[in-house]
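It should be emphasised that the depicted structure is a prediction, and the values quoted were computed from it without experimental measurement.
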2 protein chains.
Amino acid sequence: MQIKVMTNILDRNDQIAAEVHERLSAAGIFVVNLLGSPGCGKTSLLENTIAGLKGELSMAVIEGDLFTAKDAQRIEQYGVPVVQINTSGGCHLDANMVNSVLDHLNLETLDLIVVENVGNLVCPAEFNIGEDVKVTVLSITEGEDKPMKYPLIFKQASVVILNKIDLLPYTNFDMESATQDIKSINPNAVLIEASCRAETGLTEWYDWLKKQVKMKQSRSI
Amino acid sequence: MQIKVMTNILDRNDQIAAEVHERLSAAGIFVVNLLGSPGCGKTSLLENTIAGLKGELSMAVIEGDLFTAKDAQRIEQYGVPVVQINTSGGCHLDANMVNSVLDHLNLETLDLIVVENVGNLVCPAEFNIGEDVKVTVLSITEGEDKPMKYPLIFKQASVVILNKIDLLPYTNFDMESATQDIKSINPNAVLIEASCRAETGLTEWYDWLKKQVKMKQSRSI
């Protein structure tokens, strides 16, 4: 009984996700579903990305949180369109939540939407929201054992950003073990070592994003 | 419809949690449900706690993870009884999972069971597992905004351990803001600043645990 309900929910979610994806693809917009633990640096990555792509790509942000608009307020300061979704305690965004806020964005003017999901390394991986790609952020302070312990969210990611590498000298994090595990779970993932705080390693991420947007828009014409 | 199913699940879970709690209380065992994000330091706290309480309390550990027995293997080296629960992707432990492994422990010999829940700051807060108390670990590398963004898990905690304070000099973490927010959510929570890696601030935690076990056992007689 419970399993049946869950399957229905996931099927229905995938339907709405396909509609969201179709609508945004028709507008030539590339969509990133940004995933990771609480405090891994998703919002910091967004702040850097907005600054790093300024003048090159027209970007909007959808923020997902249980409560508060703290992240949306941080993003708003950078002068890009931002919409906050509060799940009221819910552990992930779903396609319907994203669908319901799209009318708040001026889609004709956008190249890129990044949806920052709820901070959670488990549940958000199970719900498509209409994205082109999932990107997973792992901060090195979380430990190198996380990919094998939470494999789904690493398996689904087109890019894995290993964040907070400025703290490497002060931790026991084993980068070789982490990258080997991620590659064994997902051989196609692009791995980027970065520090949002020290602003290192981010050019590779900006270049990857710009390339994806270009490819998407050439397909949409 | 979905809400009804969820309510039934929670009601049934609470029933089993009450049975687990009754059984373990009859054996004079104090039970901690240990919560926190992936990589906040729950297993490191356990490693320290086993060493710190050696010869004083008889302790067992129940490890909850989606996949792998990595944490149980770490704990096993310290010579305490440990049982691994794998949720196969599930985002939290429930009372039935804990109930189903109790026969693997020699309850007559134990004073304390610590159940390390799945690394997740959202879902585990909604499922009682028969514990006496919830304890939430927040690593300072996650940022001081987390209590207000994930209030339920801080509201329910008897103790909040602010871990990884050895990294304070290398982050922007605002300790005053974090502790004020936690106190506003949960005025009764005991706050402990600690570093499991540098082994600082842990005596207060050991003393708290020993006091709770003593109080529980004096009630059980």
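Between chain B and the options A:G39, A:S37, A:P38, the largest number of non-hydrogen pairs under 4.5 Å is found for A:P38. Per-residue counts of heavy-atom pairs under 4.5 Å with chain B were compared for A:V118, A:L121, A:D71; the largest is that of A:D71. The residue among A:T68, A:L152, A:N86 with the most heavy atom pairs within less than 4.5 Å of chain B is A:T68. Ranked by heavy-atom pairs under 4.5 Å with chain B, the first of A:D166, A:L167, A:L138, A:N120 is A:N120.
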Under the side chain to side chain contact (heavy atoms under 4.5 Å, CB included) rule, what do B:K164 and A:T141 come out as? Steps first, then yes or no, please.
CA-CA 9 Å; B:K164 306 194 189 179; A:T141 48; 4.2 Å; yes
message: As a quick check of understanding, evaluate side chain to side chain contact (heavy atoms under 4.5 Å, CB included) for B:N172 and A:R197, giving each step before the final call.
response: CA-CA 9 Å; B:N172 307 319; A:R197 188 157 173 268; 3.3 Å; yes
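At a threshold of 4.0 Å, the pair A:K70-B:D145 does not count as salt-bridged, since none of the basic side-chain nitrogens sits closer than that to a carboxylate oxygen.
Between B:V122 and A:C91 the shortest heavy-atom distance is CG1-CB, 3.6 Å. The shortest heavy-atom contact between A:L66 and B:K149 is CB-O, 3.6 Å.
Distance alone, capped at 3.5 Å, is enough to place a donor-acceptor pair between the B:Y150 side chain and the A:G119 backbone.
Contacts between B:K146 and chain A at a heavy-atom distance below 4.5 Å involve the side chain alone, from C-beta outward.
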